[in-house]
Chemist: 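Pasting a structure below so you can have a look.
It should be emphasised that the depicted structure is a prediction, and the values quoted were computed from it without experimental measurement. Counting begins at 1 with the first residue of the sequence.
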Amino acid sequence: MNWKTIRVGILVILVVVNVALFWLNRLEQDQLYAATDDQLQRVIALYEENEVDLDVLIHRESYPRARVILGSASLLDRSLVEVFLGTEYQTTYMDAQQTRYAKEGETILLDPAHHRMEYTSEQMRWPLWEEETLRNWADAQVSACTEDLEFTCIQESMGEEEAEFLYCQRWNEEYLFMNQILVRIGAEGTAQIIMEYYEPMGYEETEREIRPIDEMLYAVLREILEERQDDETVVLTEIRSGYDLEGQESVYCLEFVLNQGEKTIRMNAYTNERMN
């Protein structure tokens, strides 16, 4: 009997078994949870019973997600000052964390330690106070200060005296809700741009289970009913997925948009608890 051949055969069998167990474990970890038709119909019926309309595409699948690793605010440096003020400006204030620059009615405050930038101007003149004109100006400012990053407008409002446009970063097809730019424009000639930015570096190795969409819809309905005013019409119009900060950690979350952006309810997808 050739014991060497037998030993090799046993080792091959052990390797094959271990590889099989490895892939079975991976498949189990990565397996999608999909809400059934019956589960979704029960949720939809409960929304209808409470007169909350669903005008949204519901993705029934969910699978484990890892947190995003965040780094320093690399965008918030001197080059950002030059985007708004050019090369001729003065440094008017500086400490260990914040620096303020100014030029002829314009100021910019850089606070990279707190991942924040604020720009203000009192020199803007608007020949036409219309949403398209203001939106185009806001788009141009966001594009200039974010280089090749993708920021998209997720909320806007237009009044007689003030307009606001809120932008959020898209990264790997997900929203980074902690990375936002608010553009506020006043009819009297003022403008303010506030940026909050954290550098996405990648994902943690450990993935965590997220709550099924039917469970999250139940929780959102409870929040809606607790806050709804008498005879208020509520329509769920969009569900956005991405990451936001909870304390010092980035967590996967879903943002439920009501009435075309009049209000949002953001839920921690790991715990099914409200974040905003």
Side-chain angles (χ1 to χ4, degrees), residues 51-57 75 80 83-84 105-109 111 115-146 149-171 174-198 220-221 223-245 253-267 274-276:
E51 298 181 345
V52 178
D53 293 334
L54 290 171
D55 184 18
V56 62
L57 177 64
L75 278 182
L80 188 60
V83 167
F84 291 103
E106 298 175 282
T107 62
I108 182 169
L109 177 68
D111 188 359
H115 302 264
R116 186 176 177 87
M117 178 278 293
E118 295 184 22
Y119 164 82
T120 58
S121 172
E122 299 177 354
Q123 299 185 2
M124 306 306 300
R125 297 294 178 264
W126 308 107
L128 291 175
W129 185 255
E130 61 177 14
E131 189 167 0
E132 183 178 0
T133 299
L134 302 179
R135 171 70 179 273
N136 288 340
W137 184 84
D139 286 347
Q141 306 313 304
V142 171
S143 177
C145 66
T146 58
L149 302 179
E150 181 185 357
F151 275 75
T152 183
C153 187
I154 61 172
Q155 186 175 332
E156 57 187 76
S157 63
M158 178 78 182
E160 294 182 359
E161 299 296 329
E162 186 176 86
E164 287 190 350
F165 303 91
L166 180 63
Y167 297 77
C168 183
Q169 186 183 5
R170 294 271 292 174
W171 182 72
E174 302 279 8
Y175 287 95
L176 297 183
F177 295 109
M178 72 286 286
N179 289 352
Q180 295 192 349
I181 301 174
L182 175 64
V183 181
R184 183 180 291 124
I185 304 170
E188 298 298 323
T190 61
Q192 184 180 34
I193 300 174
I194 302 173
M195 173 191 286
E196 295 183 358
Y197 182 76
Y198 295 76
V220 169
L221 179 60
E223 297 288 337
I224 292 172
L225 297 180
E226 288 180 356
E227 299 178 2
R228 181 167 62 179
Q229 304 298 316
D230 294 339
D231 301 323
E232 181 185 8
T233 300
V234 179
V235 184
L236 178 58
T237 53
E238 187 178 359
I239 301 175
R240 303 175 182 137
S241 62
Y243 291 83
D244 200 1
L245 292 181
C253 58
L254 296 183
E255 184 175 73
F256 298 82
V257 182
L258 308 179
N259 299 345
Q260 300 293 341
E262 290 182 6
K263 184 177 181 179
T264 61
I265 297 176
R266 193 172 303 153
M267 305 291 290
R274 187 166 181 173
M275 299 181 66
N276 64 342

Chemist: Under the side chain to side chain donor-acceptor pair (under 3.5 Å) criterion, do Gln192 and Thr120 qualify, and how do the steps go?
Modeler: CA-CA 4 Å; Gln192 184 180 34; Thr120 58; over 6 Å; no

Chemist: Could you go through the side-chain contact (heavy atoms from CB on, under 4.5 Å) check for Tyr167 and Val183 one step at a time?
Modeler: CA-CA 8 Å; Tyr167 297 77; Val183 181; 4.0 Å; yes

Chemist: Please give me the minimum heavy-atom distance between Phe177 and Cys168, naming the atom from each residue.
Modeler: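 Looks like CA-SG, 3.7 Å.
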
Chemist: Between SG of Cys145 and CD1 of Ile193, what distance do you get to the nearest 0.5 Å?
Modeler: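 Cys145 SG to Ile193 CD1: 6.5 Å, rounded to 0.5 Å.
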
Chemist: Would you give the length of the straight line joining atom CG of Asn136 to atom CD of Glu131, rounded to the nearest 0.5 angstrom?
Modeler: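 So the CG of Asn136 and the CD of Glu131 are separated by 10.5 Å.
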
Chemist: Do the ring planes of Trp137 and Trp126 sit parallel (below 30°), tilted (30 to 60°) or perpendicular (above 60°)?
Modeler: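 Ring orientation of Trp137 relative to Trp126: perpendicular.
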
Chemist: Side chain of Thr237, backbone of Val257: donor and acceptor closer than 3.5 Å?
Modeler: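 Checking the backbone N and O of Val257 against the side chain of Thr237, a donor-acceptor pair under 3.5 Å is found.
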
Chemist: Look up atom CD in Glu262 and atom CD in Gln155, then write down how far apart they are to the nearest 0.5 Å.
Modeler: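 So the gap between those two atoms works out to 9.5 Å.
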
Chemist: Taking only residues two or more places apart in sequence or in another chain, which ones pass side chain to side chain donor-acceptor pair (under 3.5 Å) with Asp53?
Modeler: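 In terms of side chain to side chain donor-acceptor pair (under 3.5 Å), with neighbours along the sequence ignored, Asp53 is linked to no residue.
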
Chemist: How about Met117 and Tyr197: do any of their side-chain heavy atoms sit closer than 4.5 Å?
Modeler: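 They are not in contact (no side-chain heavy atoms under 4.5 Å apart), so the answer is no.
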
Chemist: For the CD atom of Glu223 and the CZ atom of Arg266, what is their distance to the nearest 0.5 Å?
Modeler: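 It is 13.5 Å, given to the nearest 0.5 Å.
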
Chemist: What are the two closest non-hydrogen atoms of Phe165 and Ala138, and how far apart are they?
Modeler: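 Scanning both residues, the minimum pair turns out to be CD1-CB, 3.9 Å.
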
Chemist: Once you round to the nearest 0.5 Å, how far does NE2 of His115 lie from CD of Glu196?
Modeler: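 So the gap between those two atoms works out to 10.0 Å.
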
Chemist: Flag the pair Tyr175 / Arg170 as yes when at least one side-chain heavy-atom distance between them is below 4.5 Å, and no otherwise.
Modeler: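 The answer is yes, as the side chains (C-beta and beyond) meet within the 4.5 Å cut-off.
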
Chemist: Taking everything shown except Glu162 itself, do over 12 heavy atoms lie less than 6.0 Å from its CD?
Modeler: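 For Glu162, atom CD is crowded (more than 12 foreign heavy atoms under 6.0 Å).
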
Chemist: Output yes when a side-chain donor or acceptor of Asp244 lies under 3.5 Å from a complementary backbone atom of Met275, and no otherwise.
Modeler: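 Such a contact is absent between Asp244 side chain and Met275 backbone.
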
Chemist: Could you measure the distance from the CD atom of Gln169 to the CG atom of Leu149? Nearest 0.5 Å is fine.
Modeler: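 Result: 5.0 Å between the selected atoms.
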
Chemist: For Phe84 and Gln141, which heavy atoms make the closest approach, and how far apart are they?
Modeler: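 Shortest heavy-atom separation between Phe84 and Gln141 comes out as CE2-OE1, 4.2 Å.
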
Chemist: Which residues pass the side chain to side chain donor-acceptor pair (under 3.5 Å) test with Gln260, sequence neighbours left out?
Modeler: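 Testing Gln260 for side chain to side chain donor-acceptor pair (under 3.5 Å), a comparison that skips the adjacent residues, returns none.
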
Chemist: Test side-chain contact (heavy atoms from CB on, under 4.5 Å) on Met267 and Ile265; report intermediate values, then the result.
Modeler: CA-CA 6 Å; Met267 305 291 290; Ile265 297 176; 3.8 Å; yes

Chemist: Taking all non-hydrogen atoms of both residues into account, name the closest pair between Leu221 and Val52 and its distance.
Modeler: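 Of all heavy-atom pairs spanning Leu221 and Val52, the closest is CD1-CG2, 3.9 Å.
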
Chemist: So which heavy atom on Glu188 is nearest to which on Arg125, and how close?
Modeler: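 Taking every non-hydrogen atom into account, O-NH1, 4.1 Å.
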
Chemist: Heavy atoms, side chains only, cut-off 4.5 Å: are Asn179 and Trp171 in contact?
Modeler: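 When only atoms from C-beta onward are counted, Trp171 and Asn179 do not touch, as no gap falls below 4.5 Å.
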
Chemist: Kindly indicate whether the side chain of Ile154, heavy atoms from C-beta on, has any atom under 4.5 Å from the side chain of Thr264.
Modeler: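 Ile154 vs Thr264: side chains apart.
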
Chemist: Are any side-chain N or O atoms of Trp129 and backbone N or O atoms of Leu134, one a donor and one an acceptor, separated by less than 3.5 Å?
Modeler: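 Flag not set: sc Trp129 to bb Leu134 has no pair under 3.5 Å.
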
Chemist: So, do Val234 and Lys263 sit near enough that their side-chain heavy atoms are less than 4.5 Å apart?
Modeler: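 Val234 does not reach Lys263 side chain to side chain.
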
Chemist: Can you tell me if Asn259 uses its side chain to pair, donor with acceptor, with the backbone of Val235 under 3.5 Å?
Modeler: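 Such a contact is found between Asn259 side chain and Val235 backbone.
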
Chemist: Between Thr146 and Val142 (side chain of the first, backbone of the second, donor and acceptor by atom type, cut-off under 3.5 Å), is there such a pair?
Modeler: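 It does hold such a pair.
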
Chemist: Got a sec, which pairs hit salt bridge (Lys or Arg N to Asp or Glu O under 4.0 Å) with one end in residues 229-238, sequence neighbours left out?
Modeler: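 Non-adjacent pairs meeting salt bridge (Lys or Arg N to Asp or Glu O under 4.0 Å): Glu238-Arg240.
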
